Amino acid sequence: MRPFGNRVIKPHLIIATIVGLLLSYYLGSKIGSGQTRPVIIFFAVGVCLALFLGMRTNIWMIIPACWTLTGQIRALPLPFTVRDMAVMLAGGFFLVMIIFKIARQRAIYDHLDVILWINLGYLLTVFLRNPVGIDAFGSDLVGGKPYFNIVLGTVPYFILARTVVTQDEIRRVPYLLLGGSVVVSFLGVLTQYIPALTPFIAPFYSGIAVESYLSEYNTGETSATVAGEDRLTFLQGFGGSISAICISAFPPRTLLNPLYFWRTTAFLLSLVVTFLSGFRSAFFGIMLSFLISGYIRGKWTEVFRSFIPLFSAVVLVVALQGTFVHWPYTMQRTLSFLPGAWDEGPVKDAKGSSDWRFDMWRRALSTDRYIKNKIFGDGFGFTKRDLEIMKNADFGGTGFEGNVEGNEAFMIQGSFHSGPVSAIRFAGAVGLVLILILQCIVAAHSYKLATLAKGTKFYVPTLFIAIPAIANPFAFVLIFGAYDDSLIQMMFTIGMLKMIEMSMRKAGVFAKKMPGAASESAKPLIPALAQG
């Protein structure tokens with residue numbers, strides 16, 4: 001150090017200042033020339049380093065925070081979604097912490113892990129029987145990205161199953177998951193109602209609606225969505241997250257009671273947003289979660305007490321239609337399965353959507369055109385010929401059968417809008433049985449964990465994870481599902497459940513719930529096999 005008057009000049013500060021000035025000059029010149037990619041890359045690297053240095057063992061939080069961000073940052077030269085990059089970032093940092101013994105917690109393996117490994121092992125045999133690559137490498141079968149997504153889905157499972165958190169940290173989980181949904185919905189609103197912003201937002205996040213921008217660009221008019229004649233799909237996640245928080249935090253019978261003003265307002269907001277999104281499956285999911293929450297809190301008595309205000313509210317909404325109010329198109333579409341004075345348009349739209357799905361299922365299961373091996377599955381991917389047919393259909397081509405009902409591309413990809421049919425397409429009847437067993441075991445484990453968490457600070461976040469897990473087998477079979485997405489979500493859920501269970505044991509919750517048991521060695525909900 002060299003004195004300068006009354007001050008001391010430190011050499012490393014001089015070096016940092018010079019480097020900062022050079023970087024500022026470089027980035028400024030790039031921005032001035034319109035080259036934003038180097039700036040974005042530099043910013044992304046800076047954010048990654050800041051996260052690692054600032055969060056350390058809390059790096060797991062970026063996984064739930066980015067879990068719903070399934071769009072890409074197009075300005076980055078990477079083919080990954082925001083969620084993919086967050087998972088890879090957390091996985092890399094967590095591996096570094098294991099190497100340097102910063103993260104020391106060992107995972108406890110039990111029957112949840114065994115049935116999950118069996119599912120993954122069977123899927124590996126499907127891949128070996130039907131190897132798939134990508135078109136750029138000249139593979140005969142292309143479209144194997146779901147395999148990559150499933151392999152990447154093991155990273156959150158690996159991290160969360162080895163993480164112990166405090167009671168205050170676990171309470172952040174619902175709001176971390178809500179944050180991503182808020183971002184998606186906010187960007188969707190901006191691009192939908194201010195289409196001129198689309199070119200500025202699209203390079204930073206691809207998961208936005210562009211219909212309004214294209215409509216305004218081509219015709220000078222905004223899309224029909226603005227007039228309420230189509231679904232605001234980007235609101236689905238926001239509505240589902242708000243309702244999940246309400247259903248987890250409060251007894252469901254109080255969510256439609258005007259005496260509880262704020263919680264009722266929040267829950268009604270989630271319903272309005274869900275209606276605007278126009279997804280009947282999302283509405284069914286909220287109602288199912290509503291009743292499951294009642295059962296966990298007070299068995300069938302509480303279910304009955306919760307069902308009365310729910311049924312009354314639905315009857316009131318149906319009765320008001322066509323008499324005192326005229327509900328929006330998307331809301332009528334969502335509720336059109338109930339008897340009421342609905343408009344012809346939304347009823348016809350909803351019926352057409354159902355018929356479209358039934359037709360896909362019939363053609364998929366009654367022929368061998370789209371599913372060749374219904375016992376052991378065809379695996380992910382499709383032939384180059386199928387890829388060309390899908391490209392041809394995008395430009396007005398006919399497809400196999402004249403692109404009947406516009407579902408040719410969906411059927412080739414296996415997007416049947418049905419959990420069981422998609423499972424049979426990719427993994428066969430064997431894979432369907434295995435994933436249903438996994439879902440049922442996870443549901444039973446979730447219920448047991450929620451009952452043990454009752455009366456503690458772990459209760460609300462446990463319900464937030466447990467209620468969807470309990471509803472999942474019913475939703476997968478009867479409402480909506482996709483085999484690959486469900487398997488990835490199962491790994492995330494199992495990781496969260498294990499993190500909660502180990503954290504409860506560390507906090508001594510099991511010792512209080514099971515007198516005479518030590519907090520660290522209390523008997524697991526499912527017998528442990530080994531530690532790793």
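Note that the coordinates shown come from a computational prediction; the quantities given were computed from them, not determined experimentally.
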Between the side chains of Ser486 and Gln439, is a donor N or O closer than 3.5 angstrom to an acceptor N or O? yes
Separation of Thr462 OG1 from Ile500 CD1 (nearest 0.5 Å): 4.0 Å
Thr154 side chain to Val151 main-chain N or O, any donor-acceptor pair under 3.5 Å? yes
Does the side chain of Arg363 come under 3.5 Å of the side chain of Tyr370 through a donor N or O and an acceptor N or O? yes
Between the side chain of Asp343 and the main-chain N/O of Pro346, is any donor-acceptor distance below 3.5 Å? no
Measure the shortest side-chain to side-chain distance between Ile159 and Val155 over non-hydrogen atoms and say whether it is less than 4.5 angstrom. yes
Under 3.5 Å, is there a donor-acceptor pair between the side chain of Lys299 and the main chain of Ile296? no
Greater than 12 external heavy atoms within 6.0 Å of Tyr447's OH: yes
Say whether, by atom type as modelled, one donor and one acceptor occur between the side chain of Gln321 and the main chain of Trp327 under 3.5 angstrom. yes
For residues 301-308, please give each side-chain donor-acceptor pair under 3.5 Å, one per line with the distance, not counting sequence neighbours.
unit_1, atom_1, unit_2, atom_2, d
Glu302, OE1, Arg253, NE, 3.4
Glu302, OE2, Arg253, NE, 2.7
Ser306, OG, Glu302, O, 2.8

Decide yes or no for Leu463 and Arg297: does some side-chain heavy atom of the first lie under 4.5 Å from some side-chain heavy atom of the second? yes
How long is the straight-line distance from CD1 of Ile118 back to CG of Leu123, given to the nearest 0.5 Å? 13.5 Å
The residue among Trp356, Phe358, Phe476 that forms ring pair (Phe, Tyr, Trp, His ring centres under 6.0 Å) with His417 is Trp356
For Phe290, the option from Phe250, Phe267, Phe311 that meets ring pair (Phe, Tyr, Trp, His ring centres under 6.0 Å): Phe267
Given 3.5 Å as the limit, does a donor-acceptor pair link the side chain of Tyr122 with the main chain of Trp117, or not? no
In terms of the angle between their ring planes, are Tyr295 and Trp300 parallel, tilted or perpendicular, with boundaries placed at 30° and 60°? perpendicular
Pair Thr125-Arg129, side-chain donor/acceptor within less than 3.5 Å: no
Does Tyr260 have more than 12 heavy atoms from other residues, nucleotides or ligands lying within 6.0 Å of its OH? no
Look at the rings of Phe337 and Phe284 and say which category their plane angle falls in: under 30° parallel, 30 to 60° tilted, over 60° perpendicular. perpendicular
In terms of heavy-atom contacts, Ile435 and Asn119 come closest through N-OD1, 3.2 Å
For a ring-ring contact (aromatic ring centres under 6.0 Å, His included) check, start with the C-alpha distance between Trp361 and Phe416, then their side-chain angles and the critical distance, and finish with the verdict. CA-CA 7 Å; Trp361 302 345; Phe416 294 109; 9.0 Å; no
Looking at Arg83 and Pro64, would you say the former's side chain and the latter's main chain have a donor-acceptor pair under 3.5 Å? no
Regarding Ser241 and Ser181, do their side chains bring together a donor and an acceptor under 3.5 Å, going by distance alone? yes
Under 3.5 Å donor-acceptor, Ser354 side chain and Ala350 backbone: yes
Which atoms form the tightest heavy-atom contact between Pro252 and Gly294, and what is the distance? CG-N, 3.6 Å
Check whether any side-chain N or O of Thr274 sits under 3.5 Å from a backbone N or O of Phe283 as a donor-acceptor pair, and report yes or no. no
Between Ile150 and Leu120, is the side-chain contact (heavy atoms from CB on, under 4.5 Å) condition met? List the steps. CA-CA 9 Å; Ile150 291 173; Leu120 295 176; 3.9 Å; yes
Between Leu177 and Phe464, does the side-chain contact (heavy atoms from CB on, under 4.5 Å) criterion hold? Intermediate values first, please. CA-CA 10 Å; Leu177 286 164; Phe464 188 83; 3.2 Å; yes
Could you walk me through whether Gln72 and Val82 pass the side-chain contact (heavy atoms from CB on, under 4.5 Å) test, one step at a time? CA-CA 6 Å; Gln72 294 178 308; Val82 175; over 6 Å; no
Asn257 and Thr254: side-chain donor and acceptor closer than 3.5 Å? no
Looking at side-chain heavy atoms only, is the closest gap between Arg333 and Pro328 below 4.5 Å? no
Between Tyr205 and Gly71, is there a donor-acceptor pair closer than 3.5 Å when you use the side chain of the first and the backbone of the second? yes
Under 4.5 Å between any side-chain heavy atoms of Asn472 and Met490, yes or no? yes
Counting the benzene-type ring for Trp, do Tyr147 and Phe426 have ring centres under 6.0 Å apart? no
So, Thr323 side chain and Leu320 main chain: donor-acceptor pair closer than 3.5 Å or not? yes
